[in-house]
There are 2 protein chains.
Amino acid sequence: MPPRRRQSVTIRHVAADAGVSLQTVSRVINKEPNVRPEMMERVQASIARLGYVPSIAAQRMGGSRSYLIVALNDRERTIADWRNRQGTDWVDQMMLGGMLTCAEHGYRLIVELVDTHSDHIERELLAAIAALQPDGVILTPPHSENPLINGLLEAQGISFARIGSLKPGPGFALSLDDEGAARQATDHLIALGHRRIGFIAGPDEYELSGWRVAGWRASMAAAELACESLLAQGDFSFASARAAASALFDGDVAPTAIIASNDQMALATLELARERGFSVPRDLSLVSFDDTPIVRFVHPPLTAVVQPIAAVTARAVELIIAEQAGQDVPSVPVITPAQLAIRASTAPPREDKRTDMR
Amino acid sequence: MPPRRRQSVTIRHVAADAGVSLQTVSRVINKEPNVRPEMMERVQASIARLGYVPSIAAQRMGGSRSYLIVALNDRERTIADWRNRQGTDWVDQMMLGGMLTCAEHGYRLIVELVDTHSDHIERELLAAIAALQPDGVILTPPHSENPLINGLLEAQGISFARIGSLKPGPGFALSLDDEGAARQATDHLIALGHRRIGFIAGPDEYELSGWRVAGWRASMAAAELACESLLAQGDFSFASARAAASALFDGDVAPTAIIASNDQMALATLELARERGFSVPRDLSLVSFDDTPIVRFVHPPLTAVVQPIAAVTARAVELIIAEQAGQDVPSVPVITPAQLAIRASTAPPREDKRTDMR
DNA sequence: ATGAAAGCGCTAACAG
DNA sequence: CTGTTAGCGCTTTCAT
């Protein structure tokens, strides 16, 4: 049984050491105004000498911030990703962006998992809030636009960020530029000389599915290329994409390139292409969305749209902290551009008889 | 500026609702004895009805636990892994084991990064402790046996676990069974019919390097096989392993199988084998250590020793919580067996003229 | 510009 | 077995 531990050096020690009141020390810690420079210096010297660091528990108890930001992720999906060990690094990228940004401001990021589908999601969230009293919450898909969660957080008066959402409303909307990313991918293929570029869309439940399709359509239209018979739909799963790719291959206009709306679907397309004797990228160019680590290790490594999850999460943290500090924060969605990582799965199309010449 | 938030339902509300004193509620929350079953029930009913969840900040202030466990990782290495996006999932596996186990007991896991090489590592750790007041700390290599950290934690009276360490001393030592794992890998190859099994060791700075070599030696000896000219050493880096594998290939006894002490070194060996025209596993069987996701996606997928990081971290959390609760905890190192994932990189050796027949 | 007082939600130590 | 009291370390009032 460990001994009852107490803070070794408290604000009281600092106050005594500097010969000022607790209040003055508190003011210095919180960078509040109305402290003479010399006082401030004296206090800071004491703080440094004593190695004083405020207890966040006490700070929270005193009625101020908790310096805690909760990153809410879907339990089922996150655990499955961890268990599968397929290299999905969504959480890592969130930590990379979120933790480091938190650390810069003296905050901590705590990852919490909640059941999306559960009807006690409300209870789970409230429990986390009651226990942790976080200063902010970062929502990720599929929670970002959950009205229950959104309403609850708003009612509790907690700042929160919605990653992957463009909707106005309470909380900050932060999204990757899905449409722009799809355009970039399409333009890349067009520049390589492709004219029949297929697209495997994601499910309609996800708004971003539509954005990605829109980007592809826009690029195709700009290049005066037809989209007819070049669009198929999957549900982000490997199996669904095999069917979708199959439909594309067997369709009226065999594509020379395919863009898949996520990695799993791109891998399925790659597999199917192989089975049909198509060599990638010689017979078929392939572009993937998400750029999880795995697409770098398949053969050939896939050209992919990189999701800047770390950057978006970092921004989310900054917004939350800025709002805490009473600073002005933008009320429009924050859109972060995506990048295209060009690898070995895209190349100019092979010359063939079907190349139309107008 | 968000409004000053307060706990919506506190222990006081529960006490009033149940018509008992604060203390009784506290006792129920903490499962302390000396509460009549009927009282307990009444209090629990109120807790459920009001949706009460204790504030960990307040609990900590009251002088009890903080319900926080810090997982200390090396900053440089962790950030590099996140940035590289090579699929390294050490942190994820820690969270899988650590977070879930924490959650079962009402604890939270907070990941903290500190600079190993920095001389202010002491200050960093003390700051984290002062701010968070964690109930426990989980150390990972290369911190596990850092005397400064060990001493500091002991002095602070904080329970801590040392992952990847077998040393006695303050804190719980938890390790994977490196020697056993190496034996398993070697035995697997011997069972396949290999007799000339090479081993690429890790650097001496890591104790586990020695354990792994010992396991290989033991298995070889048990099968009456010679180790002569079959041991090479690297430093866990890709480059070092190319040299090591090269030495093995060019040595007196060309191995028909090689065990590399980590994934990077296995990949280097694979690459070199390819360059020399050896087909894996036809001409050379290959076993890797660590089993990061990447080895599943190379061709052929590598047979590998799986590091049960999640299981070990889960155990670490359990030990810390048990000690907190005043329960008896083992004082001997906790060794978790490793598993061998058999994939396509190992096969029986090809018949060749050099097969000795005694 | 500084200080003194009160209280945050909870638990430990003591009473009954 | 149960209730009362006194803090924990900090931040808010409100004085000065």
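Letters A, B, ... mirror the listed sequences (proteins, then strands); counts begin at 1. Model, not experiment: these values are computed from the prediction.
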Among D:dG3, D:dT11, C:dT2, which nucleotide sits nearest the side chain of A:T24? C:dT2
What is the distance from [atom1] of [X] to [atom2] of [N], rounded to the nearest Å?
X: B:I56; N: C:dC8; atom1: CD1; atom2: C1'; value: 15 Å
X: B:D135; N: C:dT11; atom1: CG; atom2: P; value: 13 Å
X: B:L22; N: C:dG9; atom1: CG; atom2: C1'; value: 9 Å
X: A:Q23; N: C:dT2; atom1: CD; atom2: P; value: 12 Å
X: B:M61; N: C:dG7; atom1: CE; atom2: C1'; value: 11 Å

Would you mind classifying the nucleic acid contact of A:Q59 as base, sugar-phosphate or nothing, using non-hydrogen atoms under 4.0 angstrom? sugar-phosphate
Taking for each residue the nucleotide of DNA chain C with the nearest heavy atom, is it B:R27 or B:S55 whose nucleotide lies nearer the 5' end?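 Whichever sits nearer the 5' end wins; that is B:S55.
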Using only atom types and a distance under 3.5 Å, with no angle test, would you say the side chain of A:Q324 pairs donor to acceptor with the backbone of A:D135? yes
Single hit among B:R42, B:R12, B:R49 for side chain to side chain donor-acceptor pair (under 3.5 Å) with B:D17: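 For B:D17, the side chain to side chain donor-acceptor pair (under 3.5 Å) test succeeds with only one of B:R42, B:R12, B:R49, which is B:R49.
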Taking side chain to side chain donor-acceptor pair (under 3.5 Å) as the criterion, tell me which of B:R77, B:H143, B:E76 meets it with B:T116. B:H143
So which heavy atom on B:L166 is nearest to which on B:E145, and how close?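 Of all heavy-atom pairs spanning B:L166 and B:E145, the closest is N-OE2, 3.9 Å.
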Residues A:R108 and B:A131: closest non-hydrogen pair is NH2-CB, 3.6 Å
Restricting to salt bridge (charged side-chain N to carboxylate O under 4.0 Å, His left out), what partner residues turn up for B:D81, sequence neighbours left out?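 Result, salt bridge (charged side-chain N to carboxylate O under 4.0 Å, His left out) vs B:D81: none returned.
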Looking at [N], I'd like to know if its phosphate oxygens (OP1 or OP2) sit under 4.0 Å from a side-chain N or O belonging to [X].
X: A:T10; N: D:dG9; result: no
X: B:S26; N: C:dT11; result: yes
X: B:Y52; N: C:dC10; result: yes

Taking the side chain as C-beta and beyond, is there a heavy-atom pair between A:L174 and A:T336 under 4.5 Å?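 No, every pair of side-chain atoms sits at 4.5 Å or beyond.
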Just wondering, do B:V137 and B:I69 contact through their side chains at under 4.5 Å, heavy atoms? no
For B:N146, the option from B:I121, B:L153, B:L139, B:L72 that meets side-chain contact (heavy atoms from CB on, under 4.5 Å):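 That would be B:I121.
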Members of residues 12-20 of chain B that approach DNA chain D, where some heavy atom sits under 4.0 Å away: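 Heavy-atom contacts with DNA chain D come from B:V20.
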Contacts to DNA chain D from residues 28-47 of chain B, heavy-atom cutoff under 4.0 Å, which residues?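 Here the set is B:N34, B:V35, B:R36, B:M39.
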